[in-house]
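Shown next, in structure tokens, is the structure this report addresses.
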Amino acid sequence: GAPSGETGRDGGGMAGAGRPVPACLLLGAAGGGKSLLARRLRHIRRDDGTGRGVRQSGVPGGQRGHVGTNLTDLRLPRKVTVRELGGCMGPIWPSYYDECSALLFVVDAANPTQVSASCVQLLSVLTAAPLAAVPVLVLFNKIDLPCYMSLAEMKSLFRMQDIVSCATQPITMLETSARDGTGVADVLQWLRATLGDPR
């Protein structure tokens with residue numbers, strides 16, 4: 001039959017090869033919990049749906065920031081590749097924007113000193129021309145820590161209302177804890193709704 005999922009988003013460069021696997025970028029400042037979140041998403045399908053079974057599946061507890069790029073394949077049931085880019089790689093993030101179909105932006109909700117830097121990063125992501133129509137999910141992570149800031153506080157600090165009203169792309173916000181699995185199923189649900197169906 002006809003190739004499923006031809007939408008014309010690619011400039012015809014891969015015509016005849018069907019659609020390439022959609023790519024989701026996972027961005028955010030260093031130490032925000034991106035690596036653990038990516039592992040949770042990969043393992044969530046193999047346990048009770050919370051990602052809580054991950055710890056037994058070889059996730060080191062206190063791993064510190066990741067440098068470089070990490071690829072995680074998910075099946076939603078359609079195959080999607082999540083490309084995590086280390087926070088210190090901010091200057092080269094734009095070189096990955098062209099192949100991006102959805103974007104996860106992780107903010108450390110327990111680190112007030114990082115808010116302004118994260119806000120600047122988020123604004124630069126949202127104003128990048130290749131991402132003008134790419135759906136964005138902003139994740140306020142580490143809500144398992146006692147010092148975390150609530151969604152209302154984070155929205156106010158980030159001036160999210162202004163950001164959302166000025167942005168050209170759809171923006172969704174979620175609270176997550178990559179450590180205890182809170183909200184991870186919602187992230188997967190968003191990915192499935194955004195990328196999982198090639199209609």
Side-chain angles (χ1 to χ4, degrees), residues 23-66 70-76 80-87 93 100-115 117-119 121-122 125-126 134-158 160 163-164 167 169-196:
C24 173
L25 283 181
L26 177 57
L27 306 177
K34 296 182 297 296
S35 298
L36 185 55
L37 182 71
R39 287 195 295 273
R40 286 243 176 246
L41 288 168
R42 190 171 68 231
H43 288 283
I44 195 170
R45 325 239 342 135
R46 300 180 202 165
D47 56 32
D48 62 354
T50 62
R52 287 200 178 92
V54 174
R55 208 162 280 135
Q56 291 80 28
S57 318
V59 173
Q63 185 163 332
R64 286 309 296 153
H66 164 76
N70 236 343
L71 294 177
T72 302
D73 284 336
L74 303 176
R75 295 207 170 269
L76 301 173
V80 170
T81 299
V82 176
R83 180 186 292 276
E84 174 203 343
L85 298 176
W93 285 358
C100 173
S101 311
L103 195 140
L104 302 176
F105 190 89
V106 178
V107 177
D108 185 343
N111 186 352
T113 60
Q114 214 179 63
V115 166
S118 288
C119 195
Q121 280 182 323
L122 178 60
V125 164
L126 294 176
V134 170
V136 173
L137 178 60
V138 179
L139 299 171
F140 296 112
N141 191 35
K142 301 197 181 179
I143 61 165
D144 55 285
L145 296 178
C147 55
Y148 90 97
M149 290 173 283
S150 70
L151 191 56
E153 288 172 295
M154 293 302 282
K155 280 181 175 176
S156 155
L157 281 170
F158 268 74
M160 283 309 286
I163 289 177
V164 169
Q169 57 277 84
I171 299 175
T172 308
M173 284 161 275
L174 275 177
E175 288 184 306
T176 57
S177 166
R179 179 180 285 173
D180 71 15
T182 305
V184 176
D186 298 325
V187 176
L188 203 64
Q189 190 58 48
W190 182 87
L191 285 169
R192 194 177 288 123
T194 306
L195 299 174

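Start at 1 with the first residue, then count along the sequence.
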- request: Can you measure from CD (Gln121) to CG (Leu126) and round to the nearest 0.5 angstrom?
  value: 11.5 Å
- prompt: Between Arg42 and Asp73, is there a donor-acceptor pair closer than 3.5 Å when you use the side chain of the first and the backbone of the second?
  reply: no
field: Over all atoms of both residues, closest heavy-atom pair of Lys34 and Leu85
entry: CE-O, 3.3 Å
- prompt: Do the non-hydrogen side-chain atoms of Ile163 and Cys119 ever get within less than 4.5 Å of each other?
  reply: yes
message: A side-chain contact here means heavy atoms from C-beta on lying under 4.5 Å apart; do Met154 and Val138 qualify?
response: no
- request: List the atom of Tyr148, the atom of Ile143, and the distance in Å for their closest heavy-atom pair.
  value: CD2-O, 3.4 Å
query: side chain to side chain donor-acceptor pair (under 3.5 Å) with Asp144: which residues, sequence neighbours excluded?
result: Ser177
query: What's the shortest heavy-atom distance between Val134 and Gln169, and which atoms?
result: O-CB, 3.1 Å
message: I'd like to know whether Phe158 forms a side chain to side chain contact (heavy atoms under 4.5 Å, CB included) with Val107, so could you lay out the CA-CA distance, the side-chain angles of the two residues, the decisive distance to 0.1 Å, and finally the verdict.
response: CA-CA 10 Å; Phe158 268 74; Val107 177; 3.7 Å; yes
- request: Indicate yes or no: at least one non-hydrogen side-chain atom of Trp93 is less than 4.5 angstrom from one of Leu25.
  value: no
statement: With Thr182 as partner, the option from Val184, Asp180, Asp186 fulfilling side-chain contact (heavy atoms from CB on, under 4.5 Å) is Asp180
task: Report yes if some heavy atom in the side chain of Leu188 is under 4.5 Å from a heavy atom in the side chain of Leu76; otherwise report no.
output: yes
- request: Taking the side chain as every heavy atom from C-beta outward, state whether Asn111 and Lys142 have any pair of such atoms under 4.5 Å apart.
  value: no
message: Would you say that Met149 contacts Phe140 through its side chain, given a criterion of any heavy-atom pair below 4.5 Å between the two side chains?
response: no
task: First locate atom OG1 of Thr176, then atom CG of Leu137, and finally report the distance between them rounded to the nearest 0.5 Å.
output: 8.5 Å
message: Looking at every non-hydrogen atom in both residues, tell me the closest pair between Gly32 and Asn141 and how far apart they are.
response: O-ND2, 2.8 Å
field: CG on Leu145 to CG on Asp108, rounded to 0.5 Å
entry: 7.5 Å
field: Closest heavy-atom pair and its distance - Ser35, Asn70
entry: OG-ND2, 4.5 Å
query: What's the verdict on side chain to side chain contact (heavy atoms under 4.5 Å, CB included) for Val164 and Met173, showing C-alpha distance, side-chain angles and the deciding distance?
result: CA-CA 10 Å; Val164 169; Met173 284 161 275; 4.2 Å; yes
message: If I compare all heavy atoms of Cys24 with all of Leu191, which pair ends up nearest, and what's the gap?
response: SG-CD2, 3.7 Å
task: May I ask you to decide if Leu151's main-chain N or O and Glu175's side chain share a donor-acceptor pair within less than 3.5 Å?
output: yes
- prompt: Step by step, would you call Glu84 with Thr72 a side chain to side chain donor-acceptor pair (under 3.5 Å)?
  reply: CA-CA 8 Å; Glu84 174 203 343; Thr72 302; 5.9 Å; no
- request: Please identify each residue that fulfils side chain to side chain donor-acceptor pair (under 3.5 Å) with Ser118, with sequence neighbours left out.
  value: none
- prompt: What residues, two or more places apart in sequence or in another chain, satisfy side chain to side chain donor-acceptor pair (under 3.5 Å) together with Trp190?
  reply: Thr172
task: Might you work through the side chain to side chain contact (heavy atoms under 4.5 Å, CB included) test for Ser101 and Val80, ending with a clear yes or no?
output: CA-CA 10 Å; Ser101 311; Val80 170; over 6 Å; no
